[in-house]
S.K.: 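Here's a structure for you.
Below, chains carry the letters A, B, ... as their sequence lines are ordered, and counting in each starts from 1. Excluded from the calculations below are hydrogen atoms, water molecules and symmetry mates; all remaining heavy atoms, backbone and side chain alike, are included.
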Amino acid sequence: MELFTLLLTIPILYVFFLLWKWVNDLRDQQCYILDYQCYKPSDDRMVGTKFCGEVIKRNKNLGLNEYKFLLKAIVSSGIGEQTYAPRIMFDGREECPKLEDGISEMDEFLHDSIGKVLSRAGISPQEIDVLVVNVSMLAAVPSLSSRIVNHYKMRPDIKSFDLTGMGCSASLISLDIIRNVFKSYKNKFALLVTSESLSMNWYTGNDRSMILANCLFRSGGCAILLTNNKALKHQAMFKLKCLVRTHHGAKDESYSVCTQKEDDQGRMGFHLSKNLPKAATRCFVDNLKVITPKILPVRELLRFMAVSVVKKWKQRCGSVPKGAPEGPIKAGVKFKSGVDHFCIHTGGKAVIDGMGVSLELSEYDLEPARMTLHRYGNTSASSLWYVLAYMEAKKRLKKGHKVLMISFGSGFKCNSCVWEVVRDLDDGNVWKDEIERYPPKTLLNPYMEKYGWIQDEDLSTFKVPDEI
Amino acid sequence: MESYVSVEWRDSLHLLLPSAPRPSLNLRPLLRLKILTPSPSSSKQHLLLVSFLPLSPPTMPDFSTLVKLKHVKLGYQYLVNHILTLTLIPIMAGVVVKVLRLGPEEIVSLWSSLQFDFVQVLCSSFFVIFVATVYFLSKPRSIYLVDYECYKPPVACRVPFSTFMEHSRLILSNNPKSVEFQMRILERSGLGEETCLPPAIHYIPPSPTMEAARGEAEIVIFSAMETLFKKTGLKPRDIDILIVNCSLFSPTPSLSAMVINKYKLRSNIKSFNLSGMGCSAGLISIDLARDLLQVHPNSNAVVVSTEIITPNYYQGKERAMLLPNCLFRMGGAAILLSNRSSDRWRAKYRLVHVVRTHKGADNKAYRCVFEEEDKEGKVGISLSKDLMAIAGEALKSNITTIGPLVLPASEQLLFLLTLIGRKIFNPKWKPYIPDFKQAFEHFCIHAGGRAVIDELQKNLQLSPEHVEASRMTLHRFGNTSSSSLWYELSYIESKGRMKRGDRVWQIAFGSGFKCNSAVWKCNRTIKTPTDGPWADCIERYPVHIPEVVKL
């Protein structure tokens with residue numbers, strides 16, 4: 001009899017253990033996106049082929065070789081005719097910017113997007129508890145988060161953070177802060193504001209590794225409203241499933257890939273080294289190694305393990321030659337089994353193509369990223385949200401779908417996260433008025449057509465034409 | 001016994017400014033007494049009224065009544081603060097007497113008559129264990145400050161008054177009025193002759209290139225971190241969280257990436273680079289580290305607070321913007337925080353509270369410290385004339401939140417009684433001013449400038465010993481922005497004043513306008529350190545700092 005009651009203690013212990021785990025999990029707070037608003041600058045800031053040509057001509061330091069290089073860069077960039085630039089470019093003052101240009105560029109974005117997202121969600125600014133701002137290339141006093149608190153008259157006990165210098169992956173780092181704060185406090189609202197400041201960072205020299213940054217970045221931004229209030233679960237759009245950050249700063253080649261420094265003449269610019277694709281791939285692979293087990297179903301993981309074991313055995317037998325495979329690394333895992341949509345950072349055409357091959361994605365999967373690059377250019381940290389808005393406008397996001405966001409940043413970082421769609425979404429957001437026109441029939445770059453003749457010019461006979 | 005009453009209140013309290021003549025500041029008149037709002041995030045509703053009496057000359061009672069009053073006050077404090085123990089003692093005494101009266105045989109028979117049912121005992125013991133586990137799990141994790149290290153600049157970087165004035169005369173040779181202004185500021189600043197500026201600023205004219213700025217960042221941050229690693233035995237690969245805050249310099253890649261590259265930190269490190277948040281950014285980083293350490297068990301965090309002067313030295317002639325040049329100096333600190341139970345024994349402090357107040361909603365407060373371009377297009381930080389008044393406002397907001405969390409029950413009860421008395425009996429009763437000296441043994445006030453320390457000393461009614469750490473840090477190191485709090489803490493330790501159980505209050509102000517405070521409790525009595533920034537000069541301190549140093 002005694003033995004029996006002793007044996008009974010084991011299931012009782014187990015029941016108590018489950019109860020304790022359940023109570024513990026209740027404390028784990030989830031992170032929901034209530035709404036987000038991408039920034040669409042006014043049309044007078046649109047930059048087309050002709051205007052780009054004028055800007056390049058304005059820079060007296062550039063010669064024929066630089067023109068050829070620039071043309072090649074712009075043509076292969078995948079950027080279209082309707083991207084946006086800061087106002088300073090239209091005034092012709094990009095070589096001598098003032099602090100107020102940078103600030104007013106930010107103000108235009110802040111006053112627009114934040115107001116819209118708060119009014120649409122029906123939340124007043126005084127209800128915001130956490131504010132995280134990430135703008136990589138501008139550090140002002142008072143900080144941009146203080147500017148927002150001042151303009152919207154937010155509460156004195158707000159938790160505000162201002163991140164800078166973290167590159168194009170900074171919006172996921174801000175998300176990491178918000179996610180951690182949400183786990184310790186109940187029923188909070190958070191505002192994530194991400195953008196990039198271009199006015200103060202125009203490179204006026206002719207070092208080729210630095211001119212690239214001038215052509216690639218465009219104006220954009222996004223304001224995202226998040227909460228961990230369970231009662232608002234049904235109004236929410238997305239739920240955060242996991243977030244993984246990988247930092248390769250310990251490797252010297254990865255660290256020096258994107259550096260802000262002065263060139264030989266003392267002009268400040270962003271140096272992008274030739275190792276960028278290799279460093280990005282390495283970091284991406286490391287990041288995938290961590291996030292893949294968290295998002296793929298067990299079936300797929302087992303299949304992948306089986307395949308790689310077989311491959312290793314074959315290698316050992318000698319039937320498959322060892323050595324690094326040529327070309328881009330294929331993951332070998334079917335990501336489509338666990339993830340339905342892919343938000344890829346629109347760093348450039350090469351980045352999107354590279355990711356497409358690594359993850360074995362179809363054109364359908366890459367379309368949102370390509371179209372965002374075409375329409376808005378590389379808006380740095382906020383580009384992921386434009387891609388997400390495209391998917392939403394195309395009515396691709398249905399309840400239960402999973403979205404994988406991947407971004408890269410200087411340092412070298414690769415951050416990724418997975419969102420689960422909470423309800424069917426169909427709002428147009430920034431793509432509202434033009435979504436029917438996408439995808440366009442041809443993505444042929446108009447720059448090639450207009451400026452292709454430069455490739456044939458010779459240095460000795462070249463003269464800058466008056467009419468570009 | 002802790003009983004708190006929630007009272008509705010409206011926030012409006014002005015601080016009385018010092019009556020010493022300061023022609024550049026507006027003297028705000030006296031205070032109206034009103035009630036204040038508790039912060040919405042506090043779970044317990046506390047009440048606190050902070051008010052300050054008008055400065056009418058007090059009538060001095062004679063010595064014997066003073067002593068009697070003191071004893072009464074002490075007795076009252078002891079009674080209220082230990083009310084729980086004092087009520088338990090008679091109950092325990094009663095039980096013991098009753099048990100003794102019963103006699104030993106009766107006790108034995110009482111014991112054996114208790115029936116033990118196995119299942120009942122099992123269930124009740126599991127229940128007790130379950131409740132205990134849930135309680136311990138839901139307690140927030142304790143955050144410990146294992147150790148910290150402040151950067152000590154080399155002697156070659158020193159800027160005595162004569163060097164500074166000579167530089168000023170050579171650079172601003174066309175503006176004698178600005179030179180005169182700088183001299184006046186320096187005379188009254190409270191700085192000493194040993195403060196340091198980075199090498200690039202020693203050039204005439206200064207040469208603030210990006211490389212020089214990065215060089216300064218590397219020297220300051222890396223030497224502080226090396227010493228921290230040596231002192232704590234921390235291996236770089238063990239760092240889980242890294243937070244770097246530097247207000248005005250944010251290169252790409254960020255300073256946090258620079259640290260990760262130098263020390264080859266792990267690839268899954270959580271790194272954050274905060275900027276633009278002014279002199280209070282150090283406490284914001286501590287707040288962020290605390291939130292992260294609550295979520296990640298068994299981790300440690302390294303917080304690096306610094307301010308890089310090289311790119312921000314104002315090179316124009318606008319007077320309001322020359323002020324920071326006179327005050328800001330080179331400095332930095334690296335702090336190791338942990339929530340591991342193994343670090344509990346060797347940690348120096350435990351973090352008790354962090355309270356953040358942001359007055360950005362008020363336009364005047366927001367424009368108080370502003371980075372802008374002068375007429376010639378040179379960028380500098382202009383400090384408005386209302387700085388003191390706004391600092392007072394921000395401090396008041398912060399105190400209203402932190403007061404209920406830290407003041408002992410005796411102070412709060414007294415205040416409550418006075419409030420009830422004023423409301424019900426006689427509105428003419430004098431309002432009670434809580435005594436913060438009872439809540440804290442040490443005060444670390446951000447060494448923003450002499451005026452800030454004077455202001456806070458008057459408003460919080462602190463003695464010169466309490467603000468000695470701040471004044472001496474200002475004298476020896478200047479205003480090192482977010483790291484100044486750590487130099488002050490190091491001063492207190494070097495003087496051998498830090499004992500186990502002492503509570504420290506760190507207050508910092510920042511642009512925007514923010515007032516942040518942190519409360520630490522000393523974990524173990526700290527021996528006077530033999531190294532550190534104060535090691536070679538602590539015997540000379542405290543020095544008397546005259547009101548005006550004639551130059």
S.K.: With respect to B:V244, which candidate in B:V304, B:V303, B:I260 satisfies the side chain to side chain contact (heavy atoms under 4.5 Å, CB included) definition?
M.R.: B:V304
S.K.: Contact part of B:F370 toward chain A, heavy-atom cut-off under 4.5 Å: side chain, backbone, both or neither?
M.R.: both
S.K.: Run the side-chain hydrogen bond (donor to acceptor under 3.5 Å, both in side chains) check on B:N516 and B:N398 step by step: do they pass?
M.R.: CA-CA 7 Å; B:N516 300 335; B:N398 198 290; 5.2 Å; no
S.K.: Pick from A:S380, A:S145, A:S174, A:S195: which one makes a side chain to side chain donor-acceptor pair (under 3.5 Å) with A:N134?
M.R.: A:S174
S.K.: Against chain A, work out which of B:G510, B:S271, B:P251 has the most heavy-atom pairs shorter than 4.5 Å and name it.
M.R.: B:S271
S.K.: Does any heavy atom of chain A fall under 4.5 Å from the side chain of B:S256, the backbone, both, or neither of them?
M.R.: side chain
S.K.: Is it the backbone or the side chain of B:V369 that comes under 4.5 Å from a heavy atom of chain A, or both, or neither?
M.R.: both
S.K.: Please flag which part of A:L144 lies under 4.5 Å from any non-hydrogen atom of chain B: side chain, backbone, both or neither.
M.R.: neither
S.K.: At what distance, to the nearest 0.5 angstrom, does CE of B:M277 lie from CZ of A:F161?
M.R.: 7.5 Å
S.K.: Examine whether an atom of A:R147 lies under 4.5 Å from a heavy atom of chain B, and if so say whether it belongs to the side chain, the backbone or both; otherwise answer neither.
M.R.: both
S.K.: What part of A:M154 lies closer than 4.5 angstrom to a heavy atom of chain B: side chain, backbone, both or neither?
M.R.: backbone
S.K.: Answer with side chain, backbone, both or neither: which region of A:F412 has an atom nearer than 4.5 Å to a non-hydrogen atom of chain B?
M.R.: neither
S.K.: Considering only heavy atoms and a distance below 4.5 Å, find which of B:V295, B:I269, B:L255 pairs most often with chain A.
M.R.: B:V295
S.K.: Between B:E318 and B:K375, does any NZ, NE, NH1 or NH2 come within less than 4.0 Å of an OD or OE carboxylate oxygen?
M.R.: yes
S.K.: If you measure from the Lys or Arg side-chain nitrogens to the Asp or Glu carboxylate oxygens, is any gap between A:K183 and B:D291 under 4.0 Å?
M.R.: no
S.K.: Any idea which of B:V355, B:L292, B:D287, B:L288 has the most non-hydrogen atom pairs under 4.5 angstrom with chain A?
M.R.: B:L288
S.K.: Given a strict heavy-atom distance threshold of 4.5 Å, which part of A:D252 is in contact with chain B: side chain, backbone, both, or neither?
M.R.: both
S.K.: Check whether the side chains of B:S275 and A:T164 place a donor and an acceptor atom closer than 3.5 Å, and report yes or no.
M.R.: yes
S.K.: Mind ranking B:E373, B:R214, B:K264 by heavy-atom pairs under 4.5 Å with chain A and telling me who comes out on top?
M.R.: B:E373
S.K.: Is any side-chain heavy atom of A:I128 closer than 4.5 Å to a side-chain heavy atom of A:Y152?
M.R.: no
S.K.: Less than 4.5 Å to any heavy atom of chain A: does that hold for the side chain of B:R367, its backbone, both, or neither?
M.R.: neither
S.K.: Measure B:K262 against the heavy atoms of chain A and call it side chain, backbone, both or neither at under 4.5 Å.
M.R.: neither
S.K.: Under 4.0 Å between a Lys/Arg side-chain N and an Asp/Glu carboxylate O for A:K251 and A:E253?
M.R.: no
S.K.: Mind listing the closest non-hydrogen atom pair of B:A217 and B:F249 along with its distance?
M.R.: CB-CE2, 4.5 Å
S.K.: What do the steps show when you test A:S209 against A:H271 for side-chain hydrogen bond (donor to acceptor under 3.5 Å, both in side chains), and what is the final call?
M.R.: CA-CA 5 Å; A:S209 61; A:H271 166 79; 2.8 Å; yes
S.K.: What residue, out of A:V181, A:D286, A:I177, has the most heavy-atom pairs lying under 4.5 Å from chain B?
M.R.: A:I177
S.K.: Do you know which of A:D129, A:L138, A:V149 has the most heavy-atom pairs under 4.5 Å to chain B?
M.R.: A:V149
S.K.: Examine whether an atom of A:Y185 lies under 4.5 Å from a heavy atom of chain B, and if so say whether it belongs to the side chain, the backbone or both; otherwise answer neither.
M.R.: side chain
S.K.: Please report the interatomic distance CG(A:L131) to NE2(B:H358), rounded to the nearest 0.5 Å.
M.R.: 8.0 Å
S.K.: Which answer fits A:S254, side chain, backbone, both or neither, if we ask what part of it has an atom under 4.5 Å from a heavy atom of chain B?
M.R.: neither
S.K.: Are a donor atom and an acceptor atom from the side chains of B:N363 and A:N150 found within less than 3.5 Å of each other?
M.R.: yes
S.K.: Only pairs of heavy atoms separated by less than 4.5 Å count here; which of A:P156, A:S410, A:G165, A:A170 has the most with chain B?
M.R.: A:P156
S.K.: Heavy-atom distance under 4.5 Å to chain A: side chain of B:L265, backbone, both or neither?
M.R.: backbone
S.K.: Please identify, among B:E372, B:K270, B:H296, the residue contributing the most non-hydrogen atom pairs under 4.5 Å to chain A.
M.R.: B:K270
S.K.: With chain B as the partner, which of A:H151, A:K153, A:R245, A:H248 has the greatest number of non-hydrogen pairs under 4.5 Å?
M.R.: A:R245
S.K.: Chain A: which of B:L122, B:V379, B:T209, B:D362 shares the most heavy-atom pairs with it under 4.5 Å?
M.R.: B:T209
S.K.: Under a plain distance cut-off of 3.5 Å, with no hydrogens placed, do A:D157 and B:T401 share a side-chain donor-acceptor pair?
M.R.: no
